[in-house]
Amino acid sequence: VQLQASGGGLVQAGDSLRLSCAASGLTFSRYNMGWFRQAPGKEREFVAAIRWSGGRTDYVPSVKGRFTISRDNAKNTVYLQMNSLKPEDTAVYYCGAAAARSDYSGYYYNAVAYDYWGQGTQVTVSS
């Protein structure tokens, strides 16, 4: 199984970025997908999750209204559209794939729910 994250970069506050995570080696449409981030000296933090069908999305409050998670099951890819970026969004962003073990959305806020991880992509937002 491989999850290949891409799309990170150095931007200014207020700019936008679109992260992509291409999956291979798994039945993508059967996995819930999530984005997490980790800033230097901090623990990995949940950012957003989307159910296998795309029918439900969840966000950490700090990004709600600015970030949008989506997926294309035909392309085995999950996206994170990030608008109105802030310096505090600076982190390495990781995508994860979680088997659909629970209907409880909070289950997918935890990194331990995820079976597979991508390598991460750096997002740096300057002020």
Write down the atom of [X], the atom of [Y], and the distance for their closest heavy-atom approach.
X: Ala48; Y: Leu80; value: CB-CD1, 4.2 Å
X: Pro87; Y: Ala13; value: CD-CB, 4.1 Å
X: Ala49; Y: Tyr114; value: CB-OH, 3.8 Å
X: Asp115; Y: Ala99; value: OD2-N, 2.8 Å
X: Asn73; Y: Ser29; value: ND2-CB, 3.8 Å
X: Thr121; Y: Gly7; value: OG1-N, 4.1 Å

Residues two or more places apart in sequence or in another chain: which of them pass ring-ring contact (aromatic ring centres under 6.0 Å, His included) with Phe46?
-> Phe36, Tyr109

Would you say [X]'s side chain and [Y]'s backbone share a donor-acceptor pair under 3.5 angstrom?
X: Asn76; Y: Phe28; value: no
X: Arg66; Y: Ser84; value: yes
X: Gln119; Y: Ala5; value: yes
X: Asp72; Y: Ala74; value: yes

Can you name the residues that form a side chain to side chain contact (heavy atoms under 4.5 Å, CB included) with Ser6, not counting sequence neighbours?
-> Ser20

Residue pair Thr124, Val11: steps toward the side-chain contact (heavy atoms from CB on, under 4.5 Å) verdict = CA-CA 6 Å; Thr124 303; Val11 297; over 6 Å; no

Between atom [atom1] of [X] and atom [atom2] of [Y], what is the distance when rounded to the nearest 0.5 Å?
X: Phe67; Y: Arg37; atom1: CZ; atom2: CZ; answer: 5.5 Å
X: Ser62; Y: Glu45; atom1: OG; atom2: CD; answer: 5.5 Å
X: Asn32; Y: Asp103; atom1: CG; atom2: CG; answer: 9.0 Å
X: Gln38; Y: Tyr94; atom1: CD; atom2: OH; answer: 5.5 Å

Considering only heavy atoms from C-beta outward, does the side chain of [X] approach that of [Y] to under 4.5 Å?
X: Thr90; Y: Gln122; value: yes
X: Val125; Y: Asp15; value: no
X: Tyr59; Y: Thr68; value: yes
X: Arg18; Y: Met82; value: no
X: Arg44; Y: Trp117; value: yes
X: Trp35; Y: Leu19; value: yes

For atom CD of Gln2, is the number of surrounding heavy atoms from other residues, nucleotides or ligands below 6.0 Å larger than 12?
-> no

Tyr107 six-ring centre to Arg101 NZ/CZ under 6.0 Å and within 45° of normal = no

Verify the cluster assignment for [X] and [Y]: are they in a single hydrophobic cluster under the rule of side-chain heavy atoms below 4.5 Å apart?
X: Tyr79; Y: Leu3; value: no
X: Trp52; Y: Ile69; value: no
X: Tyr93; Y: Leu10; value: no
X: Met33; Y: Tyr104; value: yes
X: Val63; Y: Val78; value: yes

Taking only residues at least two apart or on different chains, which pairs with a member in residues 37-107 satisfy disulfide bond (SG atoms under 2.5 Å apart)?
-> Cys21-Cys95

Applying side-chain contact (heavy atoms from CB on, under 4.5 Å), run through Gln81 and Ser70 and close with a yes or a no.
-> CA-CA 8 Å; Gln81 177 67 43; Ser70 62; over 6 Å; no

Between the side chains of Arg71 and Thr77, does any donor sit under 3.5 Å from an acceptor?
-> no

